Amino acid sequence: MKIELVYFGRPKEHLKIARETADLPAGTSNLAGVLAWLRTRGDVWAQELADNRVRCAINQEFADLPATIKENDEIAIFSPISGG
Amino acid sequence: MSVSIQESDFDLAAELNTLRSGNSKVGAMVSFIGLVRDFNLNETVDSIYLEYYPGMTEKALNKIIAEATERWNLLNVRVIHRIGRLYANDQIVLVATTALHRGEAFAGCEFIIDYLKTAAPFWKKEETGEGSHWLETRETDVQRMEYWHSDKVRKSA
């Protein structure tokens, strides 16, 4: 399953990536699974994308870890927001 | 009702003139401006860097404004949020509301800035002499949002 990944805030800077198209391994069906898969890319990924350090959105709506994903979804991964 | 996300600065007087123009029912106009402080958590801040999520951020701000106009009879709302690199004393954000009476204009303005803090996707990095770090959502801001969702406040709206 192909998805678009976009990064903002701390993970964008530390992982040195803003956007990518990813092909998820079979059986990955929710946000928690996407993060778990990304964490296998290496130490810095594992550290930056710990469940309690990131927030997510699916197709530009905030979403929690159990949220289901589908083909071509835009998944955003970011640090906790801090505007204003 | 209008939202802008921009690098450039804004002029309060010009924005308020536009906001109130063409509506002689406006009896109250309230504005809030957030500024860059030169210190935070005992560190001197040289500059901040703000980024946003094009598309989602505008949607989130419009949703916040829609919720405010459902609760209070606001005649008009203007939100401007700056992005990019900003320095001490710079203006970061403007929230302005107009209404028939001051109570609604004050409440709507406060609600929108409180809500923006925890529901609009912006990320702020502080750059100090010691290096830089991304700020996280403040617990006091989360408490402010919970306050607006408490039953007592809902009933008075």
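Just so we're on the same page: letters track the sequence lines, and every chain starts at 1. Since the model is a prediction, treat every value here as computed from it, not as a measurement.
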*For atom CG of B:D11, decide whether the heavy atoms of other residues, nucleotides or ligands shown that lie under 6.0 angstrom number more than 12.*
yes
*Rounded to the nearest 0.5 Å, how far apart are NE2 of B:H133 and OG of A:S79?*
12.0 Å
*Output yes when a side-chain donor or acceptor of B:K124 lies under 3.5 Å from a complementary backbone atom of A:G84, and no otherwise.*
yes
*asked:* Is it the case that over 12 heavy atoms from other parts of the model lie below 6.0 angstrom from the CG atom of A:D64?
replied: no
*In Å, rounded to the nearest 0.5 Å, how long is the span from NZ of A:K12 to OH of B:Y53?*
12.0 Å
*Side chain, backbone, both or neither of B:Y52 within contact of chain A (heavy atoms, under 4.5 Å)*: backbone
*In the single-linkage hydrophobic clustering (I, L, V, M, F, W, Y; side-chain heavy atoms under 4.5 Å), do A:I77 and A:I69 co-cluster?*
yes
_A:R39 atom CZ, over 12 foreign heavy atoms within 6.0 Å_ = yes
*asked:* Other residues, nucleotides and ligands only: do more than 12 of their heavy atoms fall within 6.0 Å of CD on B:E139?
replied: yes
*asked:* Taking atom CG as the centre, does A:D23 end up with more than 12 heavy-atom neighbours from other residues, nucleotides or ligands that are less than 6.0 angstrom away?
replied: yes
*What are the two closest non-hydrogen atoms of B:F122 and A:G83, and how far apart are they?*
CB-CA, 3.5 Å
*Count the heavy atoms belonging to other residues, nucleotides or ligands that lie under 6.0 Å from CZ of B:F106, then report whether that count exceeds 12.*
no
_Which portion of B:T57 sits near chain A, non-hydrogen atoms under 4.5 angstrom_ = neither
*Is the side chain of B:E51 donor-acceptor paired with the backbone N or O of A:G9 at a distance under 3.5 Å, no angle test?*
yes
*What are the two closest heavy atoms between A:N59 and B:K59, and how far apart are they?*
O-NZ, 4.0 Å
*Considering residues, nucleotides and ligands other than B:R102, do more than 12 of their heavy atoms fall under 6.0 Å from its CZ?*
no
_Which portion of A:E61 sits near chain B, non-hydrogen atoms under 4.5 angstrom_ = both
_Min side-chain heavy-atom separation A:Q60-B:E58 under 4.5 Å_ = no
_Nearest heavy-atom neighbours spanning A:P80 and B:T137_ = CB-OG1, 3.4 Å
*Specify whether B:W123 and A:F8 have parallel, tilted or perpendicular ring planes, treating 30° as the upper limit for parallel and 60° as the lower limit for perpendicular.*
parallel
